[in-house]
Structure formats: C-alpha cells, structure tokens
Amino acid sequence: MGHACSGFKKLYGITSSCFMNHPSIRVRFAPSPTGMLHIGGLRTALFNFLFARHHNGKFLVRIEDTDKERSLPVYTQAIINTLTWCSMAPDEPLVIQSERQAEHLRIAQQLVQEGKAYYCYCTPEELQKRIAQTTIEGISYARYDGFCKKFIGQSSDKPRVIRFLVPANCKQVVIEDAIKGQIVFSADTFDDFILVRSDGAPMYNFVVVLDDAFMQISHIIRGEEHLINTPKQLLLYKACGYMVPTFAHLPLILGPDGTKMSKRDAAANAYDYKERGYLPQALCNYLVRLGWSHGDQEIFSVPEMINAFSLNAISSKGALFDTQKLDWVNSMHIKALSADMLYQYMKEVMQLPLGTTVASWSLRTMYLLIDLYKQRCTTLQALYRELVALHSRPSVYEIAELNHEQKQLLESLITILSIQEFTHTNLSHTIKEFCHTQEIKLSDLGPLIRIALTGKKDAPGIYDLMASLGKDETITRLKNYYRR
Ligand code: GLU
C-alpha cells in the first residue's frame, strides 16, 4: 500500500522526499520511441494523466529518442496515436529529448568544470580490468574503480567519456517512494556512471534528470523497472542543484503465469486493442485497476477515475493481466454506450465498412439492433460481426428440418402478423394468444421464429428481433424458412 511519507529525513546519505514543496503538479510520460506503446506503457501514461487531472495539474509527454539507432519516427507517431485514441493528449507541446542535446552537453561540461564529473579515457580493454562485478542481495552490479579520477583538472584529445563523480562521502542513497515506501540503496550498488558516451551521446540517467528539471516535473510516476536508476538520478539532482521531484514507482504487470509480462502476452501493442474492438475508456478502466483500487469498484467512467485516483491507493505488489476481465470490462462499457455512439465507433473509429455492408437498414433499425446485440457482445468487432451476419437473410439454419405441423404453424403465424403493428408489446401479446389458440407452447414456437430470423438458436429475444427487423423483413424471413 502507499507509503506514508514522514517528511524530509536525513539518513547519512542523500535522501529524496515526497514532501518537497512543488509549486504545482506537473507530471510526464516519457516513452522511448523504440517500439509500439505496450500495455505497461499505456498504464504508466494513464496513471500520470489521472494524477494530473485529479490535482488540476499538467500532463506532459516527452519523447526520449536519444537512442538514435533504435528510435524511429513511426514509433513516435504510434505512441501519439495511442495516446490520442485514449484522449490523453499532453497539455503542452511534446518535448523531443534529442532536440535538447546541445543543452545536455553544455551541462555535462559545466559539471566537469565544477569537479562533479570527470573525463575517463579507459579503453574497452582497460575497462575489463577496472570494472568489477559485485553481487548484493542477489543482484549483480558492475562497478568502475574510478581510475581516471586522477586526471581531474587535466584534459587530453584521446577518446573519452564523461563520468559522474559520486561524492566521496556518499555511503547510501535513500529514496522515499510514494508507492514503495523508503528504499535504501547502498553506494556499493552504483559507480561513477557515464553521463556522455565517447561518441558524444548523452546517457539516459543524465538527460532524464536535466529534462525533468527543465520541464519542472513535480512527480515522476513510472514503472518499477526504473527504480534501480533512481539513486543515480537523485545524485544528479543534488549535483545540479535541482529541486527533487517525488518518485512513485508502479508495480509490474504480470503475465498469466505470474511472471513479468512479456511483450508476447497480449501486450505487444496497446493500439492493437483498438482494432480488436475495445473501447478506449474500457481499456483505461481495465488498466487503472492493474495496481490501483478504490474499494470494490470495478467499473469507472473517466471522470470517476479522475475523481477517485490517488497514489496512496496504488499497491506495491505486481498486478496480474487477465484478458477475461478485460473482456468483461469492455462488455460493461459497450452496454453503457448509446447505440449512436457505438455506431460511430464501429464506423469511424474502427473503420469498419458498416455503412455500406448494412446500408439498407434505416438508422432507426440499426440503432434498435445495436441496442439489442450490445447486450451480448464483449467487443465492437463481435457486435459488428453479429450485425453483418443478421443483415444477410439466413441461408443455413441450425434447425434445418421442419415437419408439416411446424410449417403450417409458421404459415398461420404470418397471417396474424400481417395485420399487426410491430411493437414489442403487441408482438408479445399476439404471439402468446396465437400459442394459446393453437394449443402449443411458446417454448416450441419461439426457437422456430428465432431460427427463421437469424439462422441461430442463440439469438436475442424474438419480440425485440421482430420489432427491430420490422414486419416485411420478419415475414420474408419466416416464409424463406418454411418454404424451402
Ligand atoms: N524512456 C523510459 C522508458 O521508456 C522512461 C524513463 C522514465 O520514465 O524515467 O522506459
């Protein structure tokens, strides 16, 4: 559960605090455009977005494209498309990390001049001797021995990297994480890490701090996999004299087998869920519950999520990704949506050729049928398939053989139906009367009507179906069935 922060504590080392007084709430989502936005990334974006909205703060997006080989514009576009689909557009223009490189390098030089960073000239061969592996609590750390510290104040033309100089008196770094509580990192778990590579490219741990400070980020809400980077970043905040933001590391999303969810576990690409017929509000509702809770409530509208969201209610334990639950949440949102909204989603958002496929239906019929079928579908795709299937008159029937009496029964029914006004109430009344006169059970006639109209045994209620399809279509389908 959320850790109750106890103010700024000085624990023999460097400490972050969740009670730094930030002028306003500003959060950021900082994806690297090296792949599609996956489910975990979308949840991180969502938690930042909800936190910002809850506090009337700002939600910002920074594209971390410093890895030149792997970053591609197509991925940046895909990330933006996914955020736009989920109505999470940033409140300020996108920050593109690579565009700030000159500033990053300027600050690196400044740190060197201030004696807070130094040039390291070690070749890869030399580093093999000067990097030792330490294992602490089962985690292995590679640590450089600081050989080039002796060149501080000197400069040479040899290839070099810039390393951060971990202050000699730093024994540990203490993180007061808003979700995980207090975490102490021994100084043995990090070394004089690289700020700028020999090819002049600044490294993640360095630029992330500069950019978060530049963007005046008050809270860093991100995945737990970045916890390990946080002590280094905290040291840089202190060295640069920046205000330290509050850190909040989100629990992992676990795959069905309880281990860290891999990109293969239905999570490769969050945008795929759009094509697969999930509503963005349903996907976000599902994601918000991955690690966060609000009593027993499962279904949230977006305003409800914003209203209820708090970092305190985020669990520090991993959350299990459950496709069945996602389907259920989606079905609940589909049911709650009006027929015209669902129609728009299917037509425009999913770009399904609904308009042309079922063009002969009036909008009224379409909406009636959507309202009827939305009760039974877990995705927009499924709803779409049902409507398309219903639109074509059945050619295959799940009960194919009719005996003479059944045929006669349907024929007599048609005579009655032709004089009926096709409303649910009228149809219900007439068909019950018809059964009574014919001395048959409704449970014998109902399935025949359902099959005649849809070809299937499993379909919505007959009165609704008949009322939605209308008199002419209903009669045609009944005749087609018994006259084969
Ligand atoms: N760019 C990093 C990533 O995509 C996120 C860094 C951060 O949130 O600090 O994982």
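Computed from a prediction, not measured in an experiment: that's the story for all the values here. In listed order, ligands and their atoms are each counted from 1. Side chains are part of it too, since the values below use all heavy atoms of this structure and drop only hydrogens, waters and symmetry mates.
Close contacts between ligand 1 and V208 involve ligand atoms 9 (O) [criterion: under 4.0 Å to a heavy atom]. Close approach of ligand 1 to E64 is summarised as follows: ligand atoms under 4.0 Å from at least one heavy atom of the residue are 1 (N), 2 (C), 5 (C), 6 (C). Remark: ligand 1 atoms within the under-4.0 Å shell around heavy atoms of R28 are 7 (C), 8 (O), 9 (O). Against a heavy-atom cut-off of under 4.0 Å, S32 is close to the following atoms of ligand 1: 1 (N), 2 (C), 3 (C), 4 (O). Those atoms of ligand 1 that come under 4.0 Å of a heavy atom in H226, given as number and element, are 2 (C), 3 (C), 5 (C), 6 (C), 10 (O).
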_Residue pair H294, F300: steps toward the side-chain contact (heavy atoms from CB on, under 4.5 Å) verdict_ = CA-CA 10 Å; H294 182 64; F300 293 84; 3.8 Å; yes

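What sits closest to atom 5 (C) of ligand 1 on the protein, heavy atoms only, is A30 O, 3.2 Å.
Only the backbone of P31 comes within 4.0 Å of ligand 1, counting heavy atoms alone; no side-chain atom from C-beta on gets that close.
Side-chain contact of H333 with N285: a donor-acceptor pair under 3.5 Å is present, judged by distance alone.
Residue F29 places no heavy atom under 4.0 Å from ligand 1.
Side-chain rings of Y121 and F147 stay apart, their centers remaining 6.0 Å or farther from each other.
With hydrogens and angles disregarded, a donor-acceptor distance shorter than 3.5 Å links the side chain of D65 to the backbone of S98.
For Q133, the side-chain hydrogen bond (donor to acceptor under 3.5 Å, both in side chains) test picks out S140, with sequence neighbours left out.
Figure legend: cation-pi geometry between R364 and Y367 absent, as NZ or CZ is not positioned both under 6.0 Å from the six-membered ring centre and within 45° of its axis.
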